[in-house]
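Comments concern the structure below.
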Amino acid sequence: MIEVVAKLGRGPVFLAGEVLECVVSFSNPLSALSTSASSETLAWASAQIHCQFHASESRVHLPANEEPRQDVQAENETVFVPNRGERGQCILSTPPKILFCDLRLDPGESKSYSYSESLPLAAPPSFRGQSVKYVYKLTIGCQRVNCPIQLLRVPFRVLLLHALQNFQPPQEDEVAPSNPFLDEEGGGKKDSRLLDSAVEILMALTSRRTLHQFNISNSRGRVGTFCIFKTVYKIGEDVIGTFSFSDGEIPCLQYSVLLQTEESVQEEYRRSRAQPVSVTTHAQHHESCLHSAGTNFSLPIPLTSCPGFSTNIVSLKWRLHFEFVTSREPVEAPTVPENQSEIITWTGAGQIEVDTFSWDLPIKVLPTNPLLASYVSPVLSSHSICI
């Protein structure tokens, strides 16, 4: 028996364009003192990254030339097909890299190999929606002589920052002398510069503070004012807003704020023209605000959520969805006499005629530093199999 362990050293979250690095270890777990101990041999091992795309048949209509096709090699267990048995179709794959050929491990012996590959800058982000799914995996294939191939799959998450599409390494890299002994170090520097550039871009886009003020009104008059200081966020940040009802003409009884995403299938891929947008709520705040001069809310954007993006098949947008309940008639505020010595209990009206209305405010949600997202990722960094 040989134990195979694959570990992503930096964590399971990456930006498109970064270099994914994985250490794959092969070990013979039997002790040399065991009576049944013997050497184990593997013919070869190879690794490859692929992205699986799966579409809901009830929501997405794919043309015949884009329908998932069964790979004729998938049934052949002696051919390395990383996506064998996976749902959907493989829309992205990197060239396979051979880790070794003819590996022999004595009892208690272990050997490790490093795998690295750049993720395409234009790759779609990891996403599990109601209409489509984009799932990334690193697959390691191993085979004993005259035995079927065994596959070890390591899932990971890809975040997409559109501002990096035209990223170019600094000019001095192009004129620096080439040293074949420093290839890995140079690649690491380039990857670090990409991450540093991404962090600077995200900081510049999400740190701007500008007061955005909106008047809240319905058909009967002014209800109040809503203020928010920015509309561009990173996943993991809080969306903070304030309401002022002191200048309102119409009493607001309660309000709700929902942080939502809209998943929309592009028109040419919809099953029907009237197909509704899929809405998902990630956080919400509800509050009764009768007689309140002002109030506020804070909604966290989950680090595990997907930033906004758009592909040729689907788009994902973020919004704040507001719902207000207002009174049709004035509601008198409770008053307390000046020289009142006894406790007075104020009871609200048993019945109030109300109006309801809603409002959507689009916001932009960008990715964050993948190192931060890795800390809370439900995806494990290490996976193993025994063959």
Side-chain angles (χ1 to χ4, degrees), residues 1-10 12 14 18-34 36-52 70-86 89-120 123 135-156 158 178-188 190-191 380-387:
M1 179 180 68
I2 294 180
E3 183 181 19
V4 185
V5 179
K7 184 176 182 179
L8 300 171
R10 207 200 66 183
F14 300 86
E18 281 195 287
V19 176
L20 179 146
E21 296 182 346
C22 180
V23 176
V24 187
S25 302
F26 301 83
S27 59
N28 185 340
L30 292 178
S31 170
L33 302 178
S34 174
S36 60
S38 61
S39 297
E40 299 282 356
T41 303
L42 281 178
W44 58 267
S46 185
Q48 186 176 7
I49 292 172
H50 60 100
C51 175
Q52 291 295 120
Q70 183 69 25
D71 195 319
V72 294
Q73 295 181 336
E75 301 300 327
N76 188 344
E77 295 185 347
T78 62
V79 177
F80 179 43
V81 182
N83 60 320
R84 178 187 293 127
E86 295 278 78
Q89 65 183 114
C90 180
I91 61 169
L92 181 151
S93 62
T94 60
K97 291 186 177 180
I98 297 175
L99 300 178
F100 63 79
C101 290
D102 192 17
L103 174 66
R104 179 186 177 90
L105 294 174
D106 293 327
E109 186 179 7
S110 176
K111 288 188 177 181
S112 297
Y113 300 86
S114 295
Y115 169 84
S116 64
E117 184 63 80
S118 296
L119 300 171
V135 180
Y136 284 86
K137 293 181 182 179
L138 164 63
T139 299
I140 295 127
C142 314
Q143 186 179 25
R144 292 177 181 269
V145 177
N146 297 325
C147 293
I149 293 176
Q150 300 292 322
L151 300 178
L152 170 59
R153 292 191 171 104
V154 183
F156 62 94
V158 174
S178 176
N179 188 333
F181 299 102
L182 298 179
D183 283 347
E184 292 184 3
E185 182 180 352
K190 179 181 177 181
D191 189 44
L380 298 176
S381 297
S382 180
H383 296 260
S384 65
I385 59 169
C386 292
I387 57 177

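Across Pro95 and Glu117, no two heavy atoms sit closer than the pair O-OE1, 4.1 Å. Taking both residues in full, the closest heavy atoms of Gly141 and Trp44 are given as O-CZ3, 3.5 Å, listed atom of the first, atom of the second, then distance. For Leu138 against Ala47, the heavy-atom pair with the smallest separation is CD1-CB, 4.1 Å. Nearest approach of Ser118 to Val19, heavy atoms of both residues: OG-CG2, 3.5 Å. Taking every heavy atom of both residues into account, Ile2 and Pro29 meet most closely at CA-CD, 4.5 Å. Residues Val23 and Ser112 come closest through the heavy atom pair CG1-CB, 4.1 Å.
Rounding to the nearest 0.5 angstrom, the gap separating the OG atom in Ser27 from the NZ atom in Lys111 is 12.5 Å. Atom SG of Cys142 and atom CD1 of Ile149 lie 9.5 Å apart (nearest 0.5 Å). Rounding to the nearest 0.5 angstrom, the gap separating the NZ atom in Lys137 from the OG atom in Ser93 is 15.0 Å. Rounding to the nearest 0.5 Å gives a distance of 10.5 Å between CZ of Arg10 and OG of Ser381. Of the inter-residue distances, the one linking Gln89 atom CD with Leu92 atom CG reads 12.0 Å to the nearest 0.5 angstrom. Going from atom NE2 of His50 over to atom CD1 of Ile91 covers 12.0 Å, rounded to the nearest 0.5 Å.
For an aromatic pair to be called close, the ring centres must be under 6.0 Å apart, and Phe26 with Phe100 satisfies this.
Identified under the side chain to side chain donor-acceptor pair (under 3.5 Å) test for residues 96-108, with sequence neighbours left out: Ser39-Arg104, Ser39-Asp106. Among residue pairs with one or both ends in residues 39-51, those qualifying as salt bridge (Lys or Arg N to Asp or Glu O under 4.0 Å) are Glu40-Arg144; sequence neighbours excluded.
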Show your working on side chain to side chain contact (heavy atoms under 4.5 Å, CB included) between Leu42 and Ile387 and close with a plain yes or no. CA-CA 10 Å; Leu42 281 178; Ile387 57 177; 3.5 Å; yes

Chi angles and distances behind the side chain to side chain contact (heavy atoms under 4.5 Å, CB included) call for Gln52, Cys90: CA-CA 5 Å; Gln52 291 295 120; Cys90 180; 3.3 Å; yes

Run the side chain to side chain contact (heavy atoms under 4.5 Å, CB included) test on Tyr113 and Leu103 for me, step by step, so that the C-alpha distance in whole Å, both residues' side-chain angles and the decisive distance to 0.1 Å come before the verdict. CA-CA 12 Å; Tyr113 300 86; Leu103 174 66; 3.4 Å; yes

Worked check of side chain to side chain contact (heavy atoms under 4.5 Å, CB included) between Leu119 and Phe156: CA-CA 12 Å; Leu119 300 171; Phe156 62 94; 4.0 Å; yes

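For the pair Pro82/Leu151, no side-chain contact is recorded, criterion being any heavy-atom separation below 4.5 Å from C-beta on.
In this structure a side-chain-to-backbone donor-acceptor pair under 3.5 Å is present from Gln48 to Thr94.
For His383, the side chain to side chain donor-acceptor pair (under 3.5 Å) test picks out no residue, with sequence neighbours left out.
Considering Ile385, Thr139, Ile140 in turn, Thr139 is the only one that fulfils the side chain to side chain contact (heavy atoms under 4.5 Å, CB included) rule with Arg153.
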